[in-house]
Amino acid sequence: MGSFEDIYQIVAQIPEGKVMSYGQISKMLNGRISAQLVGWAMRKAPMGLPCHRVLFADGSLCHEVVFGGKDIQKEMLEQEGVFFKEVYQVDMEKSQV
DNA sequence: CCGTTGACCCTTC
DNA sequence: AGAAGGGCCAACG
């Protein structure tokens, strides 16, 4: 069982309208990995992985540039039904699983 | 093969 | 209250 597979599994199992933070995933894996690994895994994340649902612990959008534009990610999350507290801040409290 | 870096988070000073 | 450092795993050079 590779840690990476677990990360991909969790991220891939995030339901629509829900978001997760790097730290959440890190703790979800029993803390056997660090959030930095999640970020690193996201960097190497294969296509099909809803990495756009993964945000910072503050609820702010992650490196939106990776998706090609912060507006893109915001639009995508908004389409999925994610509640936005601020223009670029997601309400994790409600969007959290 | 060894060292450094990487999309982070949390604890302590 | 603000700032700094530590920590984990994997890939790249």
Side-chain angles (χ1 to χ4, degrees):
Chain A
M1 270 247 297
S3 310
F4 267 55
E5 291 192 4
D6 290 339
I7 299 173
Y8 296 142
Q9 201 78 35
I10 292 173
V11 176
Q13 284 182 6
I14 298 178
E16 292 185 10
K18 303 285 180 193
V19 293
M20 275 204 173
S21 62
Y22 293 94
Q24 279 274 290
I25 299 174
S26 175
K27 287 186 169 69
M28 199 169 174
L29 291 171
N30 205 15
R32 62 194 198 183
I33 60 149
S34 57
Q36 201 168 25
L37 259 300
V38 182
W40 200 89
M42 293 288 102
R43 192 179 184 222
K44 277 296 196 181
M47 294 200 334
L49 194 74
C51 41
H52 61 266
R53 287 181 198 157
V54 186
L55 334 156
F56 286 130
D58 301 337
S60 312
L61 300 176
C62 50
H63 282 221
E64 317 91 359
V65 185
V66 181
F67 303 103
K70 54 194 174 192
D71 301 304
I72 303 297
Q73 184 179 11
K74 177 186 173 297
E75 187 88 5
M76 221 179 333
L77 290 171
E78 209 171 37
Q79 270 187 22
E80 294 189 351
V82 179
F83 197 77
F84 272 74
K85 282 164 72 173
E86 293 295 331
V87 185
Y88 291 125
Q89 192 164 15
V90 181
D91 187 350
M92 293 185 62
E93 301 293 304
K94 288 178 163 61
S95 301
Q96 214 167 95
V97 187

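Keep in mind that the numbers below use all heavy atoms, side chains included, and drop hydrogens, waters and symmetry copies. Protein chains get the first letters and strands the later ones, always in sequence-line order, with residue 1 at the start of each. Because the structure is predicted, anything quoted here is derived from the model rather than measured.
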- Message: If you compare all heavy atoms of Phe56(A) against all heavy atoms of Ser21(A), which two are closest, and at what distance to 0.1 Å?
- Response: O-CB, 3.6 Å
- Can you see which heavy atom on Gly23(A) is nearest to which on Ala35(A), and at what distance? N-CB, 4.1 Å
Between the protein and nucleotides 4-6 of chain B, list every N/O to N/O distance that falls short of 3.5 Å.
unit_1: dG6(B); atom_1: N7; unit_2: Gln36(A); atom_2: NE2; d: 3.4

- Task: First locate atom NZ of Lys74(A), then atom CG of Asp71(A), and finally report the distance between them rounded to the nearest 0.5 Å.
- Result: 7.5 Å
- Message: Nearest whole Å is fine: how far is dA10(C) P from Tyr8(A) OH?
- Response: 11 Å
- Task: Run the salt-bridge test on Glu93(A) and Lys85(A) with the 4.0 Å N-O cut-off and return the result as yes or no.
- Result: no
- Using whole Å, report how far CG of Leu61(A) lies from C1' of dC8(B). 15 Å
- Query: Ignoring hydrogens and geometry, is there a side-chain-to-backbone donor-acceptor pair from Ser26(A) to Tyr22(A) under 3.5 Å?
  - Reply: no
- Between the side chain of Gln73(A) and the main-chain N/O of His52(A), is any donor-acceptor distance below 3.5 Å? yes
- Query: Taking atom P of dA11(C) as reference, at what distance in whole Å does atom NZ of Lys44(A) sit?
  - Reply: 9 Å
- Message: Checking one residue: Val19(A). Which other hydrophobic residues are in its cluster under the side-chain 4.5 Å linking rule?
- Response: Leu55(A), Leu61(A), Leu77(A), Val82(A), Phe84(A), Val87(A), Tyr88(A), Val90(A), Met92(A)
Please write out each protein N/O paired with an N/O of nucleotides 9-13 of chain B under 3.5 Å, distance rounded to 0.1 Å.
unit_1: dC9(B); atom_1: OP1; unit_2: Ala57(A); atom_2: N; d: 2.3

- Nearest heavy-atom contact between Ile7(A) and Leu37(A) is CD1-O, 4.2 Å
